[in-house]
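See structure below.
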Amino acid sequence: MEKQQQLYEGKAKKVYATERDDLVIVSYKDDATALDGLKKGSIRGKGVVNNRMSNFLMRLLEKEGVPTHFVKELNDRETVVKKVSIVPLEVIIRNISAGSFAKRYGVEEGIVFKAPTIEFSYKNDELHDPLINEYHALALGLATGAEIERIKSLAFKVNSVLKAYFSALGVRLVDFKLEFGRTPDGNIVLADEISPDTCRFWDAETGEKLDKDRFRRDMGGVEEAYGEMMRRVFGE
Ligand code: UDP
């Protein structure tokens, strides 16, 4: 399958048309942004890590009954995915307090929750992705009630699969962000990516951060952290 015209360029990925109406090619870049776009930079090799890890995890999730947009990995940075219309919600699941949760509620990072939490942000750059609840999403017409129920149930399923998977690799899955899309026949599928850009990973032994927080917080060792997650997943 060949790339045709570029349809879209986002912060970390480009999307190309293909000869098929129902498929697009995603190309992962090394560009990184954080702090609502204020911080810009590049993480060498990130595109390869995110493409390969995301595809691996999507295949794992498919086996566990979670429908995804994944079709075929073309090479280290490019993947064929189903063309979907993205539901404009960022779906965040948390197992352990960190980031904006810790800040918003004035608690330390690292509190292990009795049960995972879910929250939604309205995907809208001009408004800076405000936190919203399900009723707001319905009122704004972002998704139907049935779609929201489906998204919640899939998101918790993703959490249980990934938590167990990473735990076996000595990694704590702290929190992560998911995006979902609608296929032309009206089904909800997991879309976007699952990677160190969109998840918080802490080493189970040392607590070391193995994700994009190293970039966000200028901690150094950013490429090494992505490389370490690649090794845990692929053993290379
Ligand atoms: N996240 C993301 N994209 C965003 C915001 C958050 O992928 O635009 C991920 C982030 O990597 C983390 C989780 O969602 O794993 C929760 O992020 P949080 O709400 O704590 O926001 P942050 O502290 O990153 O601003």
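One-based numbering, in listed order, for ligands and for the atoms of each. As the structure is a computational prediction, the values presented were derived from the model and not from experiment. Count residues from 1 along the sequence.
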Looking only at protein heavy atoms, identify the closest one to atom 6 (C) of ligand 1 and say how far it is in Å.
I92 CD1, 4.4 Å
Within the 4.0 Å heavy-atom cut-off, what S121 brings close to ligand 1 is neither
Could you tell me which atoms of ligand 1, counted from 1 in the order shown, lie closer than 4.0 angstrom to a heavy atom of D197?
7 (O), 11 (O)
Do NZ/NE/NH1/NH2 and the carboxylate oxygens of E62 and R59 come within less than 4.0 Å?
no
From the options S100, G99, A12, select the one whose nearest heavy atom is closest to atom 18 (P) of ligand 1.
S100
K83 with D21: basic N within carboxylate O range, under 4.0 Å:
no
In ligand 1, the atoms that come under 4.0 Å of a heavy atom of F176 are 14 (O), 15 (O)
Nearest heavy atoms of A155 and V91, plus distance in Å
CB-CG1, 3.9 Å
I want to know if ligand 1 touches D129 in the polar sense, i.e. an N/O pair below 3.5 angstrom.
no
Hey, is atom 1 (N) of ligand 1 under 4.0 Å from any protein heavy atom?
yes
Under 4.0 Å between a side-chain nitrogen and a carboxylate oxygen: does that hold for E109 and R217?
yes
Name the option, out of K177, R216, E179, that contains the heavy atom nearest to atom 7 (O) of ligand 1.
K177
Are any of the side-chain nitrogens in E119 or R104 under 4.0 Å away from the carboxylate oxygens of its partner?
yes
Can you tell whether the side chains of R182 and E147 come within less than 4.0 Å, N to carboxylate O?
yes
Salt-bridge criterion met for D218 and K39 (N-O under 4.0 Å):
yes
Please compare D175, D213, D125 and report which has the shortest non-hydrogen distance to atom 15 (O) of ligand 1.
D175
Nearest heavy atom to atom 23 (O) of ligand 1 wins, so pick from E90, K103, R200, K11.
R200
